[in-house]
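Worksheet: one structure, shown below.
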Amino acid sequence: MLRYKTEKQNTTKLLKEKAELELKVLKSQLNPHFLFNTLNNIYSLSIINSEKTSESISRLSEILDYVLYKGQNKTVNISDEISIIDDYIELEKLRYDERLKIFKTQKLNSENKIPPLLYLSLVENSFKHGAGKSAGNIEINIEIETDENQSVFRIKNTYSETLKSERESLGLNNIEEQLKIFYENQFEFNVSEVGNWFEVEIITPAKE
């Protein structure tokens with residue numbers, strides 16, 4: 001009985017360590033092209049002595065600090081994730097002109113937590129496969145709402161090309177795997193296409 005109990009404990013420990021390792025790998029897959037594009041944009045700003053240069057460097061610094069340090073935590077406050085999303089959006093705006101319209105609404109009635117980079121990855125995904133592949137007008141809508149029971153994140157973007165709903169190609173498979181590892185089956189992950197809108201919704205429990 002004691003040997004059985006010990007083996008069971010060891011198995012449980014190994015499974016937990018495996019899940020934590022998988023989660024770290026998944027979280028590390030933030031698109032490196034964003035970094036290179038941003039550095040090129042900042043370089044262009046510096047050449048023309050733009051007032052946005054120092055602000056852009058500061059925003060990029062905040063994002064890198066978040067990814068390298070808070071990104072290694074098990075959870076972060078949703079308000080912290082939103083702050084980094086704001087920095088990310090402002091840096092991405094450097095690549096686009098008035099074609100890009102972004103609307104973000106948030107109702108944080110409770111300071112809930114999520115795995116770090118969860119929402120940021122979806123925002124990045126929306127730019128990469130929506131704004132980044134459209135030559136016309138682009139619109140991205142972001143909604144975030146929390147209460148004592150759950151956290152809801154919705155993001156949708158317009159697109160002009162035929163977009164295949166293959167989660168692997170959109171990075172959504174990565175995000176769903178994170179959710180499974182962290183929340184097991186206690187979450188909702190919905191992906192839909194209506195007209196020229198592509199939408200992703202995540203609903204997670206408020207408690208860790």
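Given the structure is predicted, the values throughout are model-derived calculations rather than measurements.
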Practice task
Classify the side-chain pair Lys104/Gln106 by whether it contains a donor and acceptor separated by less than 3.5 Å.
Solution key: yes

Practice task
Look only at the side chain of Thr75 and the backbone of Lys113, and say whether a donor-acceptor pair between them is shorter than 3.5 Å.
Solution key: no

Problem - With sequence neighbours excluded, residues passing salt bridge (charged side-chain N to carboxylate O under 4.0 Å, His left out) with Glu111 - result: none

Exercise for the section: Taking the side chain as every heavy atom from C-beta outward, state whether Leu94 and Lys52 have any pair of such atoms under 4.5 Å apart. Expected result: yes

Exercise for the section: Compare all side-chain heavy atoms of Asn157 with those of Ile138 and state whether any distance is below 4.5 angstrom. Expected result: no

Exercise for the section: Sort out for me which residue in Ile82, Thr105, Val123 forms a side-chain contact (heavy atoms from CB on, under 4.5 Å) with Ile142. Expected result: Val123

Handout entry: Side chain to side chain, Asn141 and Trp197, heavy atoms closer than 4.5 Å
Key = yes

Completion exercise
Tightest non-hydrogen contact, residues Asp80 and Tyr66, listed as O-CE1, 4.0 Å

Problem - Least distance between heavy atoms, Val67 atom then Gln72 atom - result: O-NE2, 3.5 Å

Exercise for the section: Using distance alone, with no hydrogens and no angle criterion, decide if Ser110 and Asn112 have a side-chain donor and acceptor under 3.5 Å apart. Expected result: yes

Completion exercise
dist Tyr43:OH -> Asn41:CG (nearest 0.5 Å) comes out at 13.0 Å

Practice task
Output every pair passing side-chain hydrogen bond (donor to acceptor under 3.5 Å, both in side chains) with a member in residues 56-65, not counting sequence neighbours, ordered by first then second residue.
Solution key: Glu55-Arg59, Arg59-Asp87

Practice task
In sequence, state the C-alpha distance, the side-chain angles, and the governing distance for Asn190 and Val200, and then conclude on side-chain contact (heavy atoms from CB on, under 4.5 Å).
Solution key: CA-CA 6 Å; Asn190 304 308; Val200 179; over 6 Å; no

Handout entry: Cluster overlap Phe127 with Leu64, hydrophobic side-chain contacts below 4.5 Å
Key = yes

Exercise for the section: Go through the steps for Phe198 and Lys156 under the test side-chain contact (heavy atoms from CB on, under 4.5 Å), then give the verdict. Expected result: CA-CA 5 Å; Phe198 185 82; Lys156 64 179 183 178; over 6 Å; no

Practice task
First locate atom CD1 of Ile175, then atom NZ of Lys180, and finally report the distance between them rounded to the nearest 0.5 Å.
Solution key: 13.0 Å

Practice task
Check step by step if salt bridge (Lys or Arg N to Asp or Glu O under 4.0 Å) holds for Glu201 and Arg154.
Solution key: CA-CA 4 Å; Glu201 176 188 64; Arg154 298 186 187 93; 2.7 Å; yes

Problem - Within-4.5 Å side-chain heavy-atom neighbours: Asn174 and Glu177 - result: no

Problem - Close side-chain approach of Asn40 to Thr38, heavy-atom, < 4.5 Å - result: no

Completion exercise
Between the OG atom in Ser126 and the CD1 atom in Ile89, the distance rounded to the nearest 0.5 Å is 9.0 Å

Practice task
Taking Glu81 for its side chain and Tyr119 for its backbone only, find out whether a donor-acceptor pair lies under 3.5 Å.
Solution key: yes

Problem - Audit row: Thr158, Ile140, side-chain contact (heavy atoms from CB on, under 4.5 Å) steps and yes/no - result: CA-CA 7 Å; Thr158 55; Ile140 297 175; over 6 Å; no

Exercise for the section: Taking all non-hydrogen atoms of both residues into account, name the closest pair between Ser50 and Thr53 and its distance. Expected result: O-OG1, 2.9 Å

Practice task
Applying side-chain contact (heavy atoms from CB on, under 4.5 Å), run through Glu143 and Val152 and close with a yes or a no.
Solution key: CA-CA 8 Å; Glu143 299 176 21; Val152 181; over 6 Å; no

Handout entry: Contact summary for Phe189 and Leu172, nearest pair of heavy atoms
Key = CZ-O, 3.9 Å

Exercise for the section: Measure the OG1-CG distance between Thr146 and Asn77 for me, rounded to the nearest 0.5 Å. Expected result: 10.5 Å

Problem - Shared hydrophobic cluster, Ile203 / Tyr183 (ILVMFWY, side-chain heavy atoms < 4.5 Å) - result: no

Problem - Pro116 side chain reached by Lys70 side chain, heavy atoms, under 4.5 Å - result: no

Handout entry: Cationic N near anionic O, under 4.0 Å, Asp147 to Lys107
Key = no

Fill in the blank from the handout: Nearest heavy-atom approach of Leu122 to Ile155 is O-CD1, 3.9 Å

Completion exercise
One should read off an interatomic distance between Glu124 CD and Leu120 CG, to the nearest 0.5 angstrom, of 6.5 Å

Problem - 4.5 Å side-chain heavy-atom contact, Val76 and Leu118 - result: no

